[in-house]
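Single-structure report; data block below.
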2 protein chains.
Amino acid sequence: MEAALVTLLARSTREQLYAPALAPVADIVDTVRYPVLSAVARFGPISAADIAIHVGTDRTVASRHAAALETAGLLTRDVDPADARAWLLQLTPRGRSVIRGIRSRMAATIEASMADWPDGVADAFVDGLERFSRALTE
Amino acid sequence: MEAALVTLLARSTREQLYAPALAPVADIVDTVRYPVLSAVARFGPISAADIAIHVGTDRTVASRHAAALETAGLLTRDVDPADARAWLLQLTPRGRSVIRGIRSRMAATIEASMADWPDGVADAFVDGLERFSRALTE
DNA sequence: TATTGTTATACTCTATAACTATA
DNA sequence: TATAGTTATAGAGTATAACAATA
């Protein structure tokens, strides 16, 4: 298992998995900004500080990526009515459309690589993957 | 699944999974050199050019990491008897001992995070992970 | 006093280009 | 001519430090 994990965690694997899904929108979303966009999609409206926690980077990094995604028209930043220091990040209709396309292409890539797996193995893997991911973020 | 995959592929996840396993040898093996060491353990004796393919980086990067690991006494570089241009990388006894320790600590971390999983789920996950990793490298 | 967000800066890691030596 | 390995250089991405504004 160690070998499989080392392979999966390699930087090149991330590029390899993201590249085909991001290709059509490569000019506005790259492999480092996509995690921010994905987190806003899942947890928004959310502040940049909380995004940083989910994405696992420093606040300054999340802030810069969010600014870039705002410039690209994929998300908006509105003052948090409950805290004037914070900005709440939220997807624009264009952002929602872009992420829908990315997810659908990513799913196609993944499903293709599992096409010849025995029945049930893929479902069990996805189940385990979700458990493992949850364990990491707790 | 997309969310779980984004989490797993995050740079911070790699650090989080490797950190406890590498801590005792942090002065000689870090998270970017470990994949090189692991590949030498699995495929050695092997040339730097082939290591680069397995690790998914450029030749120059693999070469530098290998040089550092040699300086640390974890691997040796001997001229390939079949090709005087190439150097064959191979673990030293110390290198084997170090990687044994890393793998055992990594296994402990992973097993701990799966401790409360239902019977069979962990095995199915590992099976799927290995299949998925193989699909990525082909 | 602590926290949010931002900017300037330095650091790490990587790829590209150029070179030598060998096939 | 092509490939293995190395070194110098530039680029991308990140964290640290310092700042203003608000809790």
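This one's a predicted model, so the numbers in the text were calculated from it and none came from an experiment. Each chain gets a letter, A, B and so on, in the order its sequence line appears, and its residues count up from 1. Excluded from the calculations below are hydrogen atoms, water molecules and symmetry mates; all remaining heavy atoms, backbone and side chain alike, are included.
With sequence neighbours excluded, the residues forming a salt bridge (Lys or Arg N to Asp or Glu O under 4.0 Å) with Asp127(B) are Arg131(B), listed by chain and number. In terms of the side-chain contact (heavy atoms from CB on, under 4.5 Å) criterion, residue partners of Ala49(B) (sequence neighbours excluded) are, by chain and number, Ser47(B), Arg59(B). Scanning for salt bridge (Lys or Arg N to Asp or Glu O under 4.0 Å) contacts around Glu130(A) gives an empty result, with sequence neighbours left out.
Residue pairs meeting the ring pair (Phe, Tyr, Trp, His ring centres under 6.0 Å) criterion with at least one member in residues 59-84 of chain B: none, sequence neighbours excluded.
Look at CD1 on Ile51(A): it is 17 Å from C1' on dT6(C), rounded to the nearest Å. Straight-line distance from the CG atom of Asp78(B) to the P atom of dA4(D): 18 Å, rounded to whole Å. Taking atom CZ of residue Arg14(A) and atom P of nucleotide dA12(D), one finds them 16 Å apart after rounding to whole Å. Separating the OH atom of Tyr34(B) from the P atom of dC13(C) is a distance of 18 Å, rounded to the nearest angstrom.
The phosphate of dT4(C) (OP1 or OP2) has no side-chain N or O of Arg77(A) nearer than 4.0 angstrom. In this structure, Ser63(A) reaches the dT6(C) phosphate: one of its side-chain N or O atoms is under 4.0 Å from OP1 or OP2.
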Would you mind building the protein contact string for nucleotides 14-23 of chain D? One character per nucleotide, 5' to 3', B for base within reach (heavy atoms under 4.0 Å), S for sugar-phosphate only, - for untouched. BBBB----BS
Would you list the atom pairs, donor with acceptor, under 3.5 Å between side chains in residues 77-88 of chain A and any protein atom, with sequence neighbours excluded?
unit_1, atom_1, unit_2, atom_2, d
Arg77(A), NE, Glu70(A), OE1, 2.9
Arg77(A), NH2, Glu70(A), OE1, 2.9
Asp80(A), OD1, Ala82(A), N, 2.8
Asp83(A), OD1, Arg85(A), N, 3.0
Asp83(A), OD1, Arg85(A), NE, 3.1
Asp83(A), OD2, Arg85(A), NH2, 2.9

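Taking only side-chain atoms of Ala86(A), from C-beta outward, the nucleotide of dG5(D), dC13(C), dG5(C) with the closest atom is dG5(C).
Side-chain contact check for Arg105(B) and Thr109(B): no donor-acceptor pair (N or O, by modelled atom type) lies under 3.5 Å.
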